[in-house]
Structure formats: C-alpha cells, structure tokens
Amino acid sequence: MSEITGFCGWRYDKKKVKDLSSVYAPPYDVISKDQQESLYAKNPFNVIRLELGKDESGDHAARNKYTRAGQTLRSWKASGVLRRDERPSIYVYVQDYREEGRPKTRVGFLAAMRIDEKKVLKHENTLAAPKKDRLALIKEVRTNLSPIFGLFEDKSGAVQKLLKASARRTPDVDVTLDGVRHRLYVESDKERVEAISRLMREKPMFIADGHHRFEVACQYKKLAGAAARPNGSDGPGRVMTYFTDCLHNPFKIFPTHRLVRWPKGLFDLTSLLSTVGKTEKVKDLDAVLRRLDKNREETPGKKYTFGAYSAKSGFWLVTLSPRVAAKVKKNPVDKLDVAVLHSAILEPLFGIRAIEKSDAIDFTRDPREAVRRVDGEEFDAAFFLRPTSMKEMLTASKKGLKMPQKSTYFYPKLLSGLAFHSFGD
C-alpha cells in the first residue's frame, strides 16, 4: 500500500526565471552527452547542473561534480532562484502529447511516499554503477531532484476525478518541450490532499521507471536515518514519487533495442543467426519495425521474432526455431522477448552473459540511432524487439519477479526540476 503525504516543494521562482521551459530537463538517464551540453548552454539555472554535472580536471574526493551540485543547489536557494512552497502540497502533473498521431493526456501527481521496500512492487533488475552515481549525488544535495515514476490501479477512478478537479484552474507551470506540454498545479488544499492520501493507502504502487533512484533512496534512508524535519520538510524516510492510474490513463510501453560488439573472428551475422532459427532478408529498418509491431499482441512463448542489422549484412528478421524456443523457461519473465533475446541469442552466440560487467552491449530507445551507431562502427550489430506489454510488466511485479535491465521505456518522460523534495535544508 502507498502511504503518501504532501510536501513543501522547492520550485523555480518565476520572478527570477522568466522562461521556465529553459530550466527543466529530461531524466538524467536518457540525456546524451550532446544534450547535456545543450542544456548547460540553455540557462545557467538549468537543473542539469544538479542532476548531471560535468567532470572537471583536478577533481578529487572533496571537489567534484557531486559537491558542485550541492553547492549550486544551496546557492540557488539562498539567492531566491528556488523558493519553498509554504504549505504541504501535492503537485498535480498533466502531460499532453501525441502518440502515433493521436492526442493523448496523462494525469498524475507528485507526493512524498514513505519508503517501505516490502510495499513497493518492482519489476526490473538494476545496475551497480548508476546506483553508485545517484548515491554520491544524494549525499551532497540531500534532496530528491526528480521523482520515481509509479503506477497504481484504481478501478473506481476516484483519484483521477480529484486530480482533474485540481487541474481545472490556471496551471502554476505550463511549458512545452519536445512536443509534450507539461502542466503543474500546486494543490495545497488540506482536505483534498488528505482525501487523495486516504485513497492511495489502498493502492499497491508499481515502479514503472526509476528503479535505481528507489533503491538509492532505500540505501540513503538507512545511512542517514529517517527522522522528520521541521518547516514542512521530510527526512530521508520519504521519497518524491509521481503516481498515475494506469487504468484511466493511456500507456504504451516502448522497447529498448540492443547494440552489441561481436567476438573477434565473427564476420557473418546471418550465418550465426541461422543456427537458432529461420532468417529472412528485409528491405530496411521500417520493414523490421512494421513486422515487430504486427507481432505486438502475439502471446509470448508462441513465437519469437527479432530484428537484426549489421553494416555488412543489412536488415534481417530471425524467428527462433521450435527447438530453440522449447528451451525457454516457462515463468512470466523468462518468456519475455527481452529475456529470450538474451538467453537464445546474445549469450550463446555473442558470449554476453552479465550485462552489467560487459562493454560489448549498449541500449537505445531510438532504432535509427542504433543503425547510426552500427554504421559509425561503434558497434557491430543492432537487435530490435517488440515491447513488453503493461500486462506482462504488472504480472512480473505482482509475482515479485525481476525483468532484465532496460526492459521497458515509458513515454512521455517526466521532467526534472518541476519540484524538489528536500530532506531538511
């Protein structure tokens, strides 16, 4: 169950920052090097300086990108660039976007969730390096800079109704970035905040995005203690979380494609793939994506088809043979396309076992980026797969099973910088 409260968020002061759209950023883990540079140049107060700092020559344990983030955050608070809301609030967050040409709207809210590892349902394994990075950052800023992305199921739609009522007035923030309109409404009415909190106590929370941040929040709670702070602040026993009702909001999960480097001496991708199934030459990337999309609703375990590309061989589809498919384990996670790609192709054919310890694999949401990186000889081949469904993700979470890293990609992403949840400063 989700125990939540409102919190006194730190937010950009419109008097100090005239163009709010210039200070927000996507989540740190989807920002490329080029985008990082662009955000640094966009505004000296862009949240990128906190979320994803730059390494500098001469950095050491007492002076580095993490300590600079802490110093920057404190200076923004002292100068009034950031101001704290006076009353505990939830932050109703509405995103308007287009999906396959159709307008969509997703409604959710930010709140402070009590950290309880047993009551939060997770679906994805995590990696040590990102957790080490986020822990070093949170130790210096003592603040949640961006939220965990959580889902809940509310058959009655009562929470959604309350959120929409809050969103009938003029938004406190209204910006459009990369084709997505983001609206934020500060809801400080005590009765409404308490009503939403009561309703959420009955709802299990599923992490959609932010597994690393949640695990780091748990680590930091143990390190720092969880005592409450004065003036409406929270100790590290709570973590800023975005909640949205997945029964009453549109959701399409996108796949994360794989880039691989192959062992020395391997030159013919299609000959290798033919050892595990039937290969079919196709014209281009669009043909690959159309076929995978056509197979979207096919039951996992019935047939597995993946796209593949190398600069020498071009684009192919490979459908696993019945002999290979029969070796797939029957639990809900092992039957997922993303798991089968690893167990039937990446590990036996390319020798990629522990993803965390391998520099022979990388990930991208953008299939065209995958092709560019292969053509640029950064990687030898790209593999494309159909997405995990919402049903598959929720089933894994409810059963306490963990999916492989980078199994899901939710769109649109949440902005970083809309509100900060401080632990007491």
Side-chain angles (χ1 to χ4, degrees), residues 26-41 52 54-55 57 127-130 133 178 254-293 304-320 337-387 404-409:
Y28 78 96
D29 55 350
V30 300
I31 296 174
S32 67
K33 272 288 184 185
D34 288 345
Q35 193 173 17
Q36 182 190 31
E37 292 294 337
S38 175
L39 290 167
Y40 258 81
L52 196 62
K54 295 180 181 179
D55 292 312
S57 61
L127 302 170
D133 167 67
D178 299 322
F254 291 86
T256 301
H257 308 294
R258 272 54 177 160
L259 289 150
V260 300
R261 298 185 180 97
W262 52 42
K264 290 182 179 179
L266 175 62
F267 300 102
D268 191 344
L269 175 65
T270 51
S271 294
L272 196 64
L273 293 178
S274 67
T275 63
V276 295
K278 177 184 176 182
T279 58
E280 177 186 349
K281 177 74 172 173
V282 293
K283 179 181 178 183
D284 52 24
L285 177 61
D286 288 337
V288 169
L289 299 179
R290 280 195 300 271
R291 180 70 69 84
L292 295 178
D293 192 60
Y304 293 100
T305 299
F306 304 100
Y309 173 74
S310 74
K312 178 181 178 181
S313 303
F315 293 95
W316 291 81
L317 291 163
V318 55
T319 300
L320 297 186
D337 282 38
V338 65
V340 174
L341 175 65
H342 187 89
S343 66
I345 294 179
L346 300 186
E347 182 173 349
L349 302 187
F350 293 88
I352 298 173
R353 293 178 175 82
I355 289 176
E356 182 175 354
K357 299 177 182 178
S358 176
D359 61 359
I361 187 168
D362 202 1
F363 313 90
T364 177
R365 151 78 179 88
D366 185 350
R368 285 170 176 76
E369 178 193 340
V371 174
R372 288 195 299 270
R373 293 174 74 180
V374 171
D375 288 343
E377 299 184 353
E378 184 182 353
F379 287 87
D380 296 308
F383 286 92
F384 309 96
L385 61 165
R386 65 179 180 176
Q405 295 93 342
K406 305 293 184 181
S407 293
T408 57
Y409 186 100

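All values reported here derive from a predicted model rather than from experimental measurement.
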Is the shortest side-chain heavy-atom distance between V338 and R258 below 4.5 Å? yes
Shortest non-hydrogen separation from A311 to V374 and the atoms involved: N-CG1, 3.8 Å
Looking only at heavy atoms, what is the nearest atom pair of L289 and R368, with distance? CD1-NH1, 4.1 Å
Here the gap from Y304 atom OH to I345 atom CD1, rounded to the nearest 0.5 Å, amounts to 12.0 Å
Counting N and O atoms only, with roles assigned by atom type, does the side chain of S38 sit under 3.5 Å from a partner on the main chain of Q35, one being a donor and the other an acceptor? no
From R261 atom CZ to D359 atom CG, the distance as rounded to the nearest 0.5 Å: 6.0 Å
For a side chain to side chain contact (heavy atoms under 4.5 Å, CB included) check, start with the C-alpha distance between L273 and L349, then their side-chain angles and the critical distance, and finish with the verdict. CA-CA 8 Å; L273 293 178; L349 302 187; 4.3 Å; yes
Is D380 reaching over with its side chain to a backbone N or O of W262, donor-acceptor style, under 3.5 angstrom? yes
Please list, chain by chain and in numerical order, all residues satisfying side-chain hydrogen bond (donor to acceptor under 3.5 Å, both in side chains) with R373, sequence neighbours excluded. D362, E369, E378
Minimum-distance pair of heavy atoms, taken over all atoms of D366 and H257: C-CD2, 4.4 Å
Side-chain heavy-atom pair Y309, L269 within 4.5 angstrom cut-off: no
Non-hydrogen atoms of P255 and R365 that approach each other most closely: O-CD, 3.9 Å
So how far is it from T305 OG1 to L341 CG, rounded to the nearest 0.5 Å? 12.0 Å
What about the rings of Y409 and F363, do their centers lie closer together than 6.0 Å? no
Ignoring hydrogens and geometry, is there a side-chain-to-backbone donor-acceptor pair from K281 to S313 under 3.5 Å? yes
What are the two closest heavy atoms between G307 and L317, and how far apart are they? CA-CD2, 4.1 Å
Distance, nearest 0.5 Å, that separates CZ of F384 from CG of L285: 5.0 Å
Going from OG on S274 to CG on D268, what distance comes out if it is rounded to the nearest 0.5 angstrom? 8.0 Å
Rounded to the nearest 0.5 Å, how far apart are OG1 of T364 and CG of L259? 6.5 Å
Heavy-atom count around K278 NZ within 6.0 Å, excluding the residue itself: above 12? no
State, with a plain yes or no, whether a side-chain heavy atom of Y28 is found less than 4.5 Å away from one of D133. yes
What is the minimum heavy-atom distance between H342 and P348, and which atoms define it? O-CD, 3.8 Å
